[in-house]
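To start, the structure itself, in structure tokens.
All values reported here derive from a predicted model rather than from experimental measurement. Heads up: numbering here begins at 1 and tracks the sequence.
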Amino acid sequence: MYETSTALRYAPEVYVDIRGYEGYYQVSNYGNVRSLDRVINQQNGRKQLVKGRALKSYLTNKGYFKVHLSRDGKRKSRSIHRLVAIAFLPNKLDKPQVNHINGCKTDNNLCNLEWNTQSEQQIHAYQNGLQPKGEKHHYAKLTREEVIKIKQLLNSRVLQKDIASKFNVSQQVISAINTGVRWNHIAA
């Protein structure tokens, strides 16, 4: 895929405050998140020192690392790649999305991130083979085996509306399979 600059990849780790959580949490250019030492008021009125620590991240079902941040009794989940980009990457064109340049969603190093639009994201994913195909696609209603059977039925001149009814999909889906708009990577 892409190679990142060695100089950027091995730059010293730098932490900065997370916007909206100043004095509570920081994020680094390596994609690490930590809480800061702070004093909290207990219910009994006493003050307690809470030591800062590295936060544990978790992997979402879409493949991104997130962390939980709390402030004023409210807990929110934040994507680490967005925290890094907001903290370190200028966004002069006000682009709404953060792209992983090498296609690896778990590589949240600053040198692997860039601001993008939705269309730029899609072009990047297509050019680098990152789009899920077939039954791995989140909108897929058919399995590979069903598509093979559908293509066989199409070759046997069975009507598209009958095939659609049999597989509980629209006739447009069958037409898209027939013309190669969908599932063109599957041979009959």
Side-chain angles (χ1 to χ4, degrees), residues 1-133 135-141:
M1 294 234 175
Y2 292 91
E3 286 192 35
T4 53
S5 166
T6 305
L8 286 175
R9 177 66 67 181
Y10 298 107
E13 187 168 25
V14 176
Y15 280 88
V16 298
D17 284 340
I18 294 174
R19 192 180 306 164
Y21 294 90
E22 293 85 354
Y24 291 84
Y25 299 100
Q26 292 183 327
V27 65
S28 81
N29 54 332
Y30 285 10
N32 297 315
V33 181
R34 68 182 180 190
S35 63
L36 299 174
D37 292 348
R38 60 187 178 274
V39 176
I40 61 168
N41 294 319
Q42 294 181 325
Q43 290 180 345
N44 61 10
R46 292 185 179 165
K47 295 185 184 273
Q48 177 186 1
L49 175 65
V50 176
K51 295 291 285 177
R53 62 178 176 81
L55 268 59
K56 290 185 180 180
S57 60
Y58 65 94
L59 196 60
T60 68
N61 60 354
K62 292 187 177 183
Y64 295 98
F65 278 122
K66 285 190 165 192
V67 291
H68 292 293
L69 304 178
S70 299
R71 183 171 182 178
D72 302 327
K74 295 179 183 175
R75 183 177 174 196
K76 294 191 176 185
S77 180
R78 297 286 187 242
S79 297
I80 294 176
H81 66 285
R82 287 196 63 81
L83 294 175
V84 173
I86 290 167
F88 293 98
L89 279 178
N91 190 4
K92 295 175 185 165
L93 298 177
D94 198 31
K95 294 184 178 185
Q97 296 188 3
V98 180
N99 183 43
H100 289 86
I101 297 168
N102 68 4
C104 179
K105 297 177 186 178
T106 58
D107 182 356
N108 295 315
N109 194 302
L110 173 61
C111 65
N112 185 43
L113 303 175
E114 64 184 353
W115 288 103
N116 268 352
T117 63
Q118 175 69 29
S119 64
E120 289 170 335
Q121 287 276 80
Q122 290 174 334
I123 291 167
H124 177 265
Y126 179 78
Q127 289 175 339
N128 293 286
L130 302 173
Q131 291 282 33
K133 289 184 180 180
E135 57 193 274
K136 292 181 181 179
H137 193 278
H138 55 280
Y139 289 132
K141 294 182 180 179

Look only at the side chain of [X] and the backbone of [Y], and say whether a donor-acceptor pair between them is shorter than 3.5 Å.
| X | Y | value |
| --- | --- | --- |
| Asn32 | Ala54 | no |
| Tyr25 | Ser70 | yes |
| Ser57 | Val67 | no |

Kindly indicate, with the supporting measurements, whether the criterion side chain to side chain contact (heavy atoms under 4.5 Å, CB included) is fulfilled by Gln97 and Thr117. CA-CA 6 Å; Gln97 296 188 3; Thr117 63; over 6 Å; no

Contacts of type salt bridge (Lys or Arg N to Asp or Glu O under 4.0 Å), residue [X], not counting sequence neighbours:
| X | result |
| --- | --- |
| Lys92 | none |
| Glu120 | Lys95 |
| Asp94 | none |

Would you please name every residue forming a side-chain contact (heavy atoms from CB on, under 4.5 Å) with [X], sequence neighbours left out?
| X | answer |
| --- | --- |
| Leu59 | Phe65, Thr106 |
| Gln26 | Tyr15, Asp17, Arg34, Leu36 |
| Lys51 | Asp37, Leu49 |

Could you grab the distance from atom [atom1] of [X] to atom [atom2] of [Y], nearest 0.5 Å is fine?
| X | Y | atom1 | atom2 | result |
| --- | --- | --- | --- | --- |
| His124 | Ile101 | NE2 | CD1 | 7.0 Å |
| Asp107 | Leu113 | CG | CG | 7.5 Å |
| Asn99 | Lys105 | CG | NZ | 11.0 Å |

Dump the intermediate steps for side chain to side chain contact (heavy atoms under 4.5 Å, CB included) on Trp115 and Leu93, then the final yes or no. CA-CA 9 Å; Trp115 288 103; Leu93 298 177; over 6 Å; no

Qualifying side chain to side chain donor-acceptor pair (under 3.5 Å) pairs, either residue in residues 41-50, two or more places apart: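 Qualifying pairs: Asn41-Lys47, Gln42-Gln48.
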
Taking C-beta and beyond as the side chain, do Tyr24 and Leu69 meet within less than 4.5 Å on heavy atoms?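 SC-SC contact between Tyr24 and Leu69 ruled out.
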
Asn116: partners by side-chain hydrogen bond (donor to acceptor under 3.5 Å, both in side chains), with sequence neighbours left out: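 Partners of Asn116 by the side-chain hydrogen bond (donor to acceptor under 3.5 Å, both in side chains) criterion, ordered by chain and then number, come out as Gln121.
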
Which residues pass the side-chain hydrogen bond (donor to acceptor under 3.5 Å, both in side chains) test with Arg19, sequence neighbours left out?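 For Arg19, no residue satisfies side-chain hydrogen bond (donor to acceptor under 3.5 Å, both in side chains) once neighbours in sequence are set aside.
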
Selection residues 60-73 - residue pairs positive for salt bridge (charged side-chain N to carboxylate O under 4.0 Å, His left out), sequence neighbours left out: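 Applying salt bridge (charged side-chain N to carboxylate O under 4.0 Å, His left out) to every pair that reaches into residues 60-73, excluding sequence neighbours, yields nothing.
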
To check you understand the geometry: which heavy-atom pair defines the closest contact between Ala87 and Val16, and what is its length?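 Smallest interatomic distance, heavy atoms only, reads CB-CG2, 3.5 Å.
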
For residues 76-84, tabulate all N or O donor-acceptor pairs below 3.5 Å that involve a side-chain atom, not counting sequence neighbours.
from: Ser77; atom 1: OG; to: Tyr58; atom 2: OH; distance (Å): 2.4
from: Arg82; atom 1: NH1; to: Pro96; atom 2: O; distance (Å): 3.0

Side chain to side chain contact (heavy atoms under 4.5 Å, CB included) between Val33 and Ile18: does it pass, once the steps are laid out? CA-CA 9 Å; Val33 181; Ile18 294 174; 4.0 Å; yes

